[in-house]
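Below is one structure, written out as structure tokens; comments come after it.
All values derive from a computational prediction rather than experimental measurement. Quick note on labels: first sequence line is chain A, next is B, and so on, each numbered from 1.
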Amino acid sequence: MRIAVVEGADGSGLLQAIAEDGTPAGPVERAADLAAAVGRREAAGRPRWVWAATGELYPRLLAAGVRVDRCHDLALTEGILLAADGRWGEPRSFPAAWARLEGRPVPDGTAPAPRPGQPALFDHDLPGLPDGPELLAATVAVHAGQQRRLAAGAGGVRGTAGVVPRGAGPGGLGLLVAAESAGALAAAEMAAAGLPWRPEVHDAVLTELLGPRPRPGAAPGRLRDLTERIGAAFGQPLNPDSPAQVLRAFAAAGTPLPSTRSQVLRGVDHPAVPLLLAYKELSRLHAAYGWSWLDTWVAGGRFRPEYVPGGVVSGRWATRGGGALQIPHALRRAVVADPGWTLVVADASQLEPRVLAALSGDVGLARAAAGGDLYAALAADAFGGDRARAKTALLAAMYGGDVGQLMTVLRRRFPAAVDYVEAAARTGEDGGLVRSILGRTSPPPSQGWLTAVDRAGGPDPDAAEGARARRAARDRGRFTRNFVVQASAADWALVLLAAVRRHLTGPNGPHLVFFQHDEVVVHCPREEADRVVAALSDAAEESRRLVFGDTAVRFPLAVAVVDCYADAK
DNA sequence: AAACGAGGCGCC
DNA sequence: AAAGGGCGCCTCGTTT
């Protein structure tokens, strides 16, 4: 059973039961207290809730103490379906989907960014969005349209992947839509729960590395000290944050440099280099995750980032503010379980090469991926035991890049795997679309890309135009080469997240507090850790089966039960 | 004063 | 020894 729901003013709302295919299956129900009504129906039958955008409605349900098991997020689904049809740039919001369905002008998709805590559906600056029953009818209609497109196989996405990456494997778009929606539920729940964060530990780490907290706007002592010593090393004061000034100083010292990247500096013999390297590391920590970050993002012992499910073209999540997906290792000291609780940290080992093995069906690579250390097995199999060379070769296959002889070895021993990524790269170079295993589809080439390629193919292209077109094609080839692997890994991780979530019990028991590409963190009462570890393993196996079906490849999770996040691996 | 691109670096 | 995809966010320095 599914129930469509729209939110009204003052916590009210409308609900209507609908069938799987979207046809209404009951009367419209008015609820003065929408959260209470949702809670009742959830307890009665765990329906799949159909609504415009999880991120707008669900936080208010959670605040009222209502959790739901399943949903169908119309905006996220619209994005997946449009992309599958190669219609990447079109607005995917619910109002846009509705307008398209009715053949009306589609509201501009660049706005409106979701505003947390605001019921955007009742913002009357959005054109064509009435209150009440008509909105509910639109919700029902948009959902029905999406179910039709899914059943018909949007973008021709059905069947299994062949050598050419074209999706959609085992669970297909239906699974992807369900997992994307479940991910949105998880994102809202994690934002509500927050990641346990000890401000006093964070402060101690900063103080140890940077010196005592400076007054606002001032640089910490350690940075001031380094700035002064860097100036002394060059014989003139300079701002280490200014690449231009640093380049000029090196040039004046007789060492012209192409850039001030750490990588470049490391190869330079000059007394300022170690100081600059230390400065870069510490100033970044201070600027991005220093005391003002702490003041802004941590409250009541919790870090509450705003996750953006599906925020990356590959299906990875993004975040809005707080940089939750780039927390420096040094600060993971501050992530500490509550008293009597513990953290269960699980990350997928060597996820992307395993995904390539499963995607391509390469027998040799699948054998290497059947056990623990994939790179070691690969090395033993084809690289004379040299693990580093095996890893370099495989990374180059997945990301592009020129590693000469190594690729020859890889191609000879693992032809299906190399064919798979090279086919994806060729498709990208030709301007085509590629898809993840479940059918998440890459964006088409940009207008600029098409123009560059057209020019070079037109009448007497000059050398610069030709070079530009070749570069554009190569760049896009690297992108699509990586897309098939990264997006399929994101498929697996999303289905894992959804499966983990289903095994957990909510804020008073074990619950998810963090998700980062290929890693999940569960906060749980100490005595339940064993059960959570088992649930995580089950979830990984379930995801393998749903996403990749019958494959010899294993997706082992490295699981650690720790009080402090920094102690996991 | 605000907006923007570039350079740079953190995470996966 | 070897090489690179995706992000967010900082500062600088220029443009608007």
Distance-only donor-acceptor test (3.5 Å): side chain A:R284, base B:dC9: yes
Give a yes/no answer on whether the side chain of A:H329 brings an N or O atom under 4.0 Å of OP1 or OP2 in B:dG10. no
Ignoring backbone atoms, test whether A:R261 places a side-chain nitrogen or oxygen under 4.0 Å from the OP1 or OP2 oxygen of B:dG8. yes
Closest to the A:V313 side chain, choosing from C:dG6, B:dC9, C:dG5: C:dG6
Contact class for A:S283 vs. all strands (heavy atom < 4.0 Å): base, sugar-phosphate, or nothing? nothing
How is A:R332 classified with respect to the nucleic acid when contacts are heavy atoms under 4.0 Å: base, sugar-phosphate, or nothing? sugar-phosphate
Give A:S314 one of three labels, base, sugar-phosphate or nothing, depending on what nucleic acid heavy atoms sit under 4.0 Å from its own. nothing
Measure from NZ on A:K280 to P on B:dG8 and round the result to the nearest Å. 6 Å
Across the strands shown, which category fits A:G311 at heavy-atom distances under 4.0 angstrom: base, sugar-phosphate, nothing? nothing
Should the pair A:F250 and A:F234 be assigned to parallel (<30°), tilted (30 to 60°) or perpendicular (>60°) ring geometry? perpendicular
Between C:dG6, B:dG7, B:dC12, spot the one nearest the side chain of A:E519, thanks. B:dC12
Taking atom P of B:dG10 as reference, at what distance in whole Å does atom CD of A:Q263 sit? 10 Å
Heavy-atom nearest nucleotide on DNA chain C taken for A:L406 and for A:H517; more 5' hit belongs to A:L406
Of C:dG4, C:dT11, C:dG6, the nucleotide closest to the side chain of A:R316 is C:dG6
Does A:G301 offer a backbone N or O that forms a donor-acceptor pair with the side chain of A:R198 under 3.5 Å? no
Touch check for A:N239, heavy atoms < 4.0 angstrom, all strands: base, sugar-phosphate only, or nothing? sugar-phosphate
Does the A:R481 side chain pair with the main chain of A:A397, one donor and one acceptor, at a distance under 3.5 Å? yes
Mutual orientation of the aromatic rings belonging to A:H202 and A:W293 [parallel < 30°, tilted 30-60°, perpendicular > 60°]: tilted
Whole angstroms only, please: what is the CH2-C1' distance between A:W293 and B:dC11? 13 Å
Base, sugar-phosphate, or nothing: which does A:A287 touch, judged by heavy atoms less than 4.0 Å apart? sugar-phosphate
Could you pick out which residue, A:Q245 or A:G400, lies toward the 5' side of DNA chain C when each is mapped onto its nearest nucleotide? A:G400
Report yes or no: is the cationic atom of A:R476 (NZ for Lys, CZ for Arg) under 6.0 Å from the centre of the six-membered ring of A:W449, at an angle within 45° of the ring normal? yes
At under 4.0 Å between heavy atoms, what does A:Q516 touch on the DNA or RNA strands: base, sugar-phosphate, or nothing? sugar-phosphate
Any residue meeting side chain to side chain donor-acceptor pair (under 3.5 Å) with A:Q516, in chain and number order, not counting sequence neighbours: A:E519
A:T260 vs B:dG7: side-chain N/O to OP1/OP2 distance below 4.0 Å: no
What stem regions, each of at least 3 consecutive Watson-Crick or G-U pairs below 3.5 Å, can be found for DNA chain C? B:1-12 with C:5-16
From the set C:dG6, C:dG8, C:dC12, return the single nucleotide nearest to any side-chain atom of A:Q486. C:dG6
